[in-house]
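First comes the structure, then the notes that go with it.
Chain A is the first sequence line, chain B the second, and so forth, proteins listed ahead of strands; every chain is numbered from 1.
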Amino acid sequence: MFPPAQPPAPFPDSGTDYLAKLNPEQREAVETVDGPLLVLAGAGTGKTRVLTTRFAHILMTRRAFPNQVLAVTFTNKAAKEMRERVSAILGRPAEGLWLGTFHALCARMLRRHAEYVGLTSSFTILDTDDQMRLLKQVMDAAVVDIKRWPAQGMMAVIQRWKDRGLTPARVSPAEDSDYANNKARSIYEAYQSRLKALNAADFGDLMLHMTEILRTQPDVLAQYHRAFRYILVDEYQDTNTVQYLWLRLLAQGHHNICCVGDDDQSIYSWRGAEVENILRFEKDFPGARIVRLESNYRSTRPILAAASHLIAKNEGRLGKTLRAGRNDADGEKVRVVSLWDSEEEARMVGERIEQAQRKGVPLGQAAILVRAGFQTRSFEERLITLGIPYRVVGGQKFYERAEIRDAMAYMRVLHQPSDDLAFERIVNTPKRGIGDGALQQMHVGAREQGIPLAIAAERLARTEVMRAKPRAAMRELFDGFSRWRALMQREGHVVAVATMLDESGYTEMWKQDKSAEAPGRLENLKELVRAIGEFATLEGFLEHVALVMENDENAEGERVSLMTLHAAKGLEFDLVFLPGWEEGLFPHQRALDEGGTKSLEEERRLAYVGITRARKMAVISHAANRRVYGNWSAAIPSRFLDELPPGEIEREGSGAAQRGRMVNAPTVFSGQFPLSSQRPARVIEAGAWEVKERPARADAMRVGQRVFHQKFGYGRVTAVEDDRLEVDFEKAGQKRVLDRFVEKA
DNA sequence: ATCGTACCAGTTTTT
DNA sequence: CTGGTACGAT
């Protein structure tokens with residue numbers, strides 16, 4: 001499995017012209033091959049290019065075989081991109097690499113050494129859903145007041161421990177936080193032993209177990225020291241403590257570790273990332289060199305100035321200055337637009353997108369980046385009325401959808417009948433009349449005999465103990481499974497899965513379902529079956545899905561992108577809209593309440609990430625009134641607006657927003673915001689704005705009218721109430737929509 | 001076993 | 001205003 005330690009084989013082409021494309025600092029980062037190196041790469045400074053070129057350089061100069069380099073990323077997307085780019089430089093497919101996400105690499109290692117942590121090499125990787133159900137069971141058994149101490153909070157505690165590399169044994173009694181009356185540690189312990197009994201690992205375990213093995217098994221560690229001569233790490237600012245420990249252990253061998261990252265783009269502390277890891281790099285790795293990449297090739301000068309000025313307000317950073325690296329770096333000032341309410345904000349953005357479109361900007365080059373998911377809705381509605389195609393990036397992931405998880409559970413049982421959690425998920429899906437009673441019997445049987453749930457169920461189904469109705473249902477299910485397993489032998493896994501989903505009644509369940517989502521779900525299931533075909537075995541597919549499974553929302557066609565700021569990291573667009581810069585929303589109230597300066601600084605980094613996504617134009621906006629949970633509430637402009645360099649931005653205030661200032665003068669605007677006009681104050685009755693002007697529709701909708709809706713397609717009106725319609729859509733089912741979003745068909 | 005109602009909470013997300 | 005969950009009624 002591991003390569004011999006002989007000199008690497010020669011490469012057909014060992015020219016170094018790939019170096020010529022780099023600027024001096026990038027070149028330094030690539031050529032400083034030996035010893036620890038931290039590459040501080042500002043936004044848009046060619047981080048990925050450096051990382052991939054460095055990888056190729058190591059191979060081209062015959063310092064190592066391809067499989068002697070460990071390259072780690074956070075996302076599968078980044079891993080895939082790196083693989084492709086390394087292949088491009090090498091001029092041939094890069095195979096046999098240790099290149100992947102932290103979790104995928106750990107899973108691969110852990111399959112070899114699973115016995116050290118009480119698992120077998122065929123352990124299953126649980127999704128969040130399974131984790132929660134398991135934890136709830138454990139907490140039930142421990143008699144925890146689940147109302148006072150919700151399982152979700154307990155899960156967060158456990159995950160934080162895992163993020164920090166703490167096995168139950170390593171959690172000190174003092175650490176046994178006051179969650180669940182100091183039962184937290186024992187619950188954690190019980191949860192871990194349940195996982196072990198199920199031969200399962202959750203995502204955190206992949207890192208935790210592997211790190212624990214490297215810590216305690218010197219021979220295993222030595223094995224990897226022999227294997228990896230060079231280590232490359234992407235997005236180092238996002239690493240958590242276990243990931244750091246894991247890297248440090250592996251780097252003890254050759255000390256050739258190169259971490260690339262940007263402390264100013266650290267936005268994931270809430271999921272365990274420790275900015276300190278990157279800030280501490282020189283101490284952690286003695287003799288480390290630091291190279292700064294500061295030439296930005298992405299954005300215009302005003303955009304860079306705005307971003308730099310803002311981020312300079314943060315304490316505790318290593319410090320970089322972005323320079324415009326392009327020749328054509330001059331550009332328009334960053335706009336800051338003040339608006340009356342969130343609807344006007346959506347209208348403004350829509351108009352400017354239309355304008356840009358007329359000027360020839362492709363829609364794929366425009367993006368709306370929001371702080372929180374719910375903000376996308378008003379923009380979606382606006383874009384629909386304008387007929388502008390868009391896509392929402394992120395949101396619910398393909399593999400998180402119920403139908404995909406269900407289908408996956410069927411496959412897991414097919415593959416491994418001992419997968420109790422999967423079995424429990426599907427035993428009564430679709431409804432088979434197996435309720436708590438029957439399930440309880442199975443659990444008891446399984447525990448008493450020490451056998452998997454499915455086996456216990458099968459035995460029970462042959463006895464009189466179980467009632468006739470569930471018994472018949474169970475028999476049918478097990479007959480099915482043995483049939484499908486035989487089918488898998490004969491016809492392959494794709495046919496077997498497709499047949500299983502049909503014969504089990506699962507697809508039928510969704511066909512019967514009249515809800516709006518049902519057709520889409522059936523579509524997703526087809527997509528899933530198609531995806532299985534890309535793998536040689538069901539086992540291979542299951543492993544892939546557990547770790548990967550990107551949502552294949554193939555972005556065909558030019559569309560405006562709508563997403564959260566977090567989801568936008570790493571992307572770039574000509575035209576970027578940054579709406580909702582209001583206190584409480586951005587920075588978010590929760591960040592202000594909970595984390596103090598630290599989390600405020602993280603919000604500021606988020607703002608920095610947002611601005612630096614723009615290549616040519618950034619439009620920041622805030623509204624004086626915003627609808628929150630159905631209620632209108634006043635909002636004051638974000639403090640971040642005051643942290644932008646006045647000379648590099650152009651403020652635009654709409655008349656409506658100025659009225660807003662009058663209405664809410666005492667509280668809403670804190671004076672520093674020069675929205676005021678010289679005109680005399682005009683007092684408008686508070687609440688007046690609630691009466692939305694809306695051109696009366698002469699062609700009012702009637703019940704029975706056939707209509708067309710951009711998003712939901714064709715349907716028939718079933719009820720009319722003012723401007724609200726209830727429509728029975730052919731594909732999407734019953735929906736309530738506003739009349740202006742539909743047209744007569 | 002399943003359905004309906006009453007309550008509650010409600011950033012950011014990858015693997 | 002939503003969606004999800006918990007619990008009680010049928």
Side-chain angles (χ1 to χ4, degrees), chain A residues 72-79 100-108 125-128 131-132 136 146-147 150-153 156 159 162-163 201-208 234-235 238-240 242-243 266-273 369-378 393-397 399-400 402 428 430-440 467 469-470 473 517 543-551 563-570 580 584-595 599 602-603 605-607 609-610 626-633 724 736:
Chain A
V72 200
T73 63
F74 272 89
T75 64
N76 293 298
K77 197 178 151 203
T101 63
F102 277 100
H103 295 270
L105 292 167
C106 275
R108 188 169 156 193
I125 301 167
L126 302 188
D127 61 28
T128 9
Q131 290 174 42
M132 280 305 292
K136 276 180 188 158
I146 209 111
K147 278 209 183 105
Q152 223 171 13
Q159 264 163 3
K162 290 188 177 180
D163 286 343
D202 67 17
F203 272 106
D205 284 341
L206 298 176
M207 288 301 315
L208 182 74
D234 192 14
E235 306 276 22
D238 288 338
T239 49
N240 61 31
V242 219
Q243 288 162 339
S266 161
I267 54 175
Y268 284 111
S269 72
W270 49 272
R271 64 179 201 212
L369 311 181
V370 297
R371 173 70 244 260
F374 75 86
Q375 288 173 268
T376 57
R377 222 185 94 190
S378 58
V393 179
Q396 231 214 352
K397 301 290 171 297
Y399 57 87
E400 284 169 3
N428 199 30
K431 302 263 190 297
R432 299 189 172 91
I434 314 287
D436 277 346
L439 203 58
Q440 222 48 54
R467 283 199 232 174
K469 204 172 175 184
E517 292 80 23
E543 173 83 357
H544 169 79
V545 173
L547 290 165
V548 192
M549 208 64 178
E550 286 151 60
N551 40 340
M563 69 189 98
T564 63
L565 288 161
H566 283 92
K569 194 171 81 153
L585 182 56
F586 191 39
H588 197 273
Q589 195 56 48
R590 215 120 151 184
L592 295 171
D593 292 345
E594 284 161 24
S599 54
E602 182 151 319
E603 294 285 295
R605 290 195 288 267
L606 204 46
V609 167
R626 184 169 296 274
R627 209 177 174 141
V628 186
Y629 306 134
N631 298 318
W632 286 94
S633 61
R724 286 159 165 250
R736 274 216 305 270

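Using a 4.0 Å heavy-atom criterion, one finds that A:E602 contacts no nucleic acid atom at all. Here A:G204 lies out of heavy-atom contact (under 4.0 Å) with every strand.
Using the six-membered ring where Trp is involved, A:F203 and A:H103 have ring planes that are perpendicular, over 60° apart on the 30 and 60° scheme.
What you find for A:G580 and A:L585 is that their closest heavy atoms are O-CD2, 3.6 Å.
Regarding A:L592, its CG atom lies at a distance of 16 Å from the P atom of B:dT12, rounded to whole Å. Rounded to whole Å, atom C1' of B:dT11 lies 17 Å from atom CE of A:M563. Distance CD (A:Q589) to P (B:dT12): 15 Å, rounded to an integer number of Å. Counting to the nearest Å, the P atom of B:dT11 and the CH2 atom of A:W270 are 12 Å from each other. Protein atom CZ of A:F374 is 9 Å distant from nucleotide atom P of B:dT12, rounded to whole Å. In this structure, the CG atom of A:D593 is 16 Å from the P atom of B:dA9, given to the nearest Å. What separates CZ of A:R377 from P of C:dT2 is a distance of 7 Å, to the nearest Å. With rounding to whole Å, A:R108 atom CZ is found 17 Å from B:dT15 atom C1'.
Separation of the P atoms belonging to C:dG4 and B:dT11 is 13 Å when rounded to the nearest angstrom.
One finds no side-chain N or O of A:T101 lying less than 4.0 angstrom from the OP1 or OP2 phosphate oxygen of B:dT14.
In the set B:dT15, B:dT12, B:dG10, B:dG10 carries the atom at the smallest distance from any side-chain atom of A:R590. Side-chain atoms of A:H566 lie closest to B:dT12 of the nucleotides B:dT15, B:dT12, B:dT11. Nearest to the side chain of A:R271, among B:dT14, B:dT12, B:dT15, sits B:dT14.
In A:Q589, the CD atom is crowded: over 12 heavy atoms of neighbouring residues, nucleotides or ligands sit closer than 6.0 Å.
Between A:V242 and A:F102, the closest side-chain pair of non-hydrogen atoms is not below 4.5 Å.
Side-chain N or O atoms of A:D202 include none that pairs as donor or acceptor with a backbone N or O of A:I125 at under 3.5 Å.
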For nucleotides 2-8 of chain B, list the nitrogen or oxygen atoms of the protein found under 3.5 Å from its nitrogen or oxygen atoms, one pair per line.
from: B:dT2; atom 1: OP2; to: A:N428; atom 2: ND2; distance (Å): 3.4

Atom pairs, N/O to N/O, protein against nucleotides 7-10 of chain C, distance under 3.5 Å?
none

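Residue A:A591 is the one, among A:A591 and A:F203, whose nearest nucleotide of DNA chain B lies closer to the 5' end (criterion: closest heavy atom).
C:dC1 has no stacking from A:Y629 on its base ring, since the centres under 5.5 angstrom apart and planes within 30 degrees of parallel are not both found. Stacking of A:H103 onto the six-membered ring of B:dT15 is not present when judged by under 5.5 angstrom between centres and under 30° between planes.
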